[in-house]
Amino acid sequence: MKIVVVVAPHPDDETLGCAGTLLRHIAEGDQVHWLIITNMAKSKNYSQVEITTRQNEISQVSKLFGFNSTVQFNFLPAALTESDKGELISQLADVFNTLSANIVYLPYKFDVHSDHQIVADCVVSATKRFRQPSIESLFAYETISETDYNLISQNSFLPNYFVDISPFIQKKLNIMQCYKSEILAFPFPRSEKAIEALASIRGAQAYVEAAEAFVLLKQVR
């Protein structure tokens, strides 16, 4: 059994990026923990209705996945550039250490959203093996409408690891439907059709029906 942590800058990143892979981990008997970095409840830019809706979504999504735990930090959304990176690294390290994490999924360093960039940097810093010897693998996931909107070719997402999620693609789509404000009709990038299309493209690359793709950042055997 492996202990898996998925780090999501915002709720929905985990579902867009690697829901099928997480569901496969759970089906195979691994422990999976969801770590959310930001919390709109700490920002003045959101109404109480929006805050309550988001917390309900988090609860519903956690139950549908069957996560072993859900942890939410209190950093402001879209404001990590102004946050204390040292504090974020410290909090991340505490979670990884407490859980004795083996596998960590994190956003891609060159996503267009600055929150994703900072979280990626901080996760890498917090998972140095001499501080976190239990961590065996780091995988960067792609987040549709963030990873694919990077137009700087030398930093494009070039996956080198694929996971067959064919048995789990429909549940991934069902879970994404929990995020009512995030999923809209095609051609909106975060639409059911676009998410399914990306899974089909990655599946074709791996010669399976549906897949999720990652950049393997570190593997210790």
Please examine the side chains of [Y] and [X], heavy atoms only from C-beta on, and report whether any two atoms are closer than 4.5 Å.
X	Y	result
L35	L92	yes
L106	V119	no
E192	M176	no
D13	P107	no
C18	V6	yes
F75	Q91	yes

Using atom types as modelled and distance alone, determine if a side-chain donor or acceptor of [X] lies under 3.5 Å from a backbone N or O of [Y].
X	Y	result
R24	D164	yes
E209	G203	no
N74	N39	no
E212	A19	yes
E146	I144	no
K172	L23	no
N150	F110	yes
E82	A79	no

Are [X] and [Y] joined in one hydrophobic group, where the rule is that I, L, V, M, F, W and Y side chains link up if heavy atoms are under 4.5 Å apart?
X	Y	result
L216	I165	yes
V215	V4	no
V32	I36	yes
I89	F96	no
V104	V163	no

Where [X] and [Y] come nearest, the two heavy atoms and their spacing:
X	Y	answer
P159	R202	CG-NH1, 3.8 Å
A78	H113	CA-CE1, 4.1 Å
L76	T38	O-CG2, 3.8 Å
G66	I26	O-CD1, 4.1 Å
F168	G20	CD1-O, 3.9 Å
E142	A213	OE2-CB, 3.8 Å

With sequence neighbours left out, what residues match [X] under side-chain hydrogen bond (donor to acceptor under 3.5 Å, both in side chains)?
X	answer
N68	none
E196	none
R54	E57, E182
T147	D111

task: If a pair satisfies side-chain hydrogen bond (donor to acceptor under 3.5 Å, both in side chains) and one of its residues is in residues 118-129, list it, with sequence neighbours excluded.
output: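 For residues 118-129, and leaving out neighbouring residues, the side-chain hydrogen bond (donor to acceptor under 3.5 Å, both in side chains) pairs sorted by first residue read K109-D121.
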
task: Sort and list the pairs that fulfil side-chain hydrogen bond (donor to acceptor under 3.5 Å, both in side chains) and have at least one residue in residues 92-102, not counting sequence neighbours.
output: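 Qualifying pairs: none.
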
field: Partners meeting side chain to side chain contact (heavy atoms under 4.5 Å, CB included) with F186 (sequence neighbours left out)
entry: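 Applying side chain to side chain contact (heavy atoms under 4.5 Å, CB included) to F186 gives S191, K193, A194.
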
Interatomic distance, [X] atom [atom1] to [Y] atom [atom2] [nearest 0.5 angstrom]:
X	Y	atom1	atom2	answer
N174	I169	CG	CD1	10.0 Å
H10	D115	NE2	CG	3.5 Å
I3	S134	CD1	OG	7.5 Å
T52	M40	OG1	CE	10.5 Å
L16	T143	CG	OG1	6.5 Å
I135	L99	CD1	CG	10.0 Å

message: Test side chain to side chain contact (heavy atoms under 4.5 Å, CB included) on T53 and Y46; report intermediate values, then the result.
response: CA-CA 11 Å; T53 298; Y46 301 96; over 6 Å; no

Partners of [X] by ring-ring contact (aromatic ring centres under 6.0 Å, His included), sequence neighbours excluded?
X	answer
H33	none
Y105	H25, F139, F214
F157	Y108

- prompt: More than 12 non-hydrogen atoms from neighbouring residues, nucleotides or ligands closer than 6.0 Å to OH on Y161, yes or no?
  reply: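 Open: at most 12 neighbouring heavy atoms sit under 6.0 Å from OH of Y161.
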
message: Other residues, nucleotides and ligands only: do more than 12 of their heavy atoms fall within 6.0 Å of CD on Q177?
response: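 More than 12 within 6.0 Å, yes.
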
- prompt: Other hydrophobic cluster members with L184, side-chain heavy atoms of Ile/Leu/Val/Met/Phe/Trp/Tyr under 4.5 Å, chained?
  reply: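 F188, which link up through side-chain heavy atoms under 4.5 Å apart, make up the rest of the cluster.
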
field: From K218, R221, K2, residue fulfilling salt bridge (Lys or Arg N to Asp or Glu O under 4.0 Å) relative to E136
entry: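 The residue from K218, R221, K2 that satisfies salt bridge (Lys or Arg N to Asp or Glu O under 4.0 Å) with E136 turns out to be K2.
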
message: Checking S114 against T81: is there a side-chain donor and acceptor pair closer than 3.5 Å?
response: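 No - no donor-acceptor pair under 3.5 Å links their side chains.
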
field: ring pair (Phe, Tyr, Trp, His ring centres under 6.0 Å): pairs with one or both residues in residues 52-74, sequence neighbours excluded
entry: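 Checked against ring pair (Phe, Tyr, Trp, His ring centres under 6.0 Å) - neighbours excluded - the pairs reaching residues 52-74 are W34-F67, F65-F67.
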
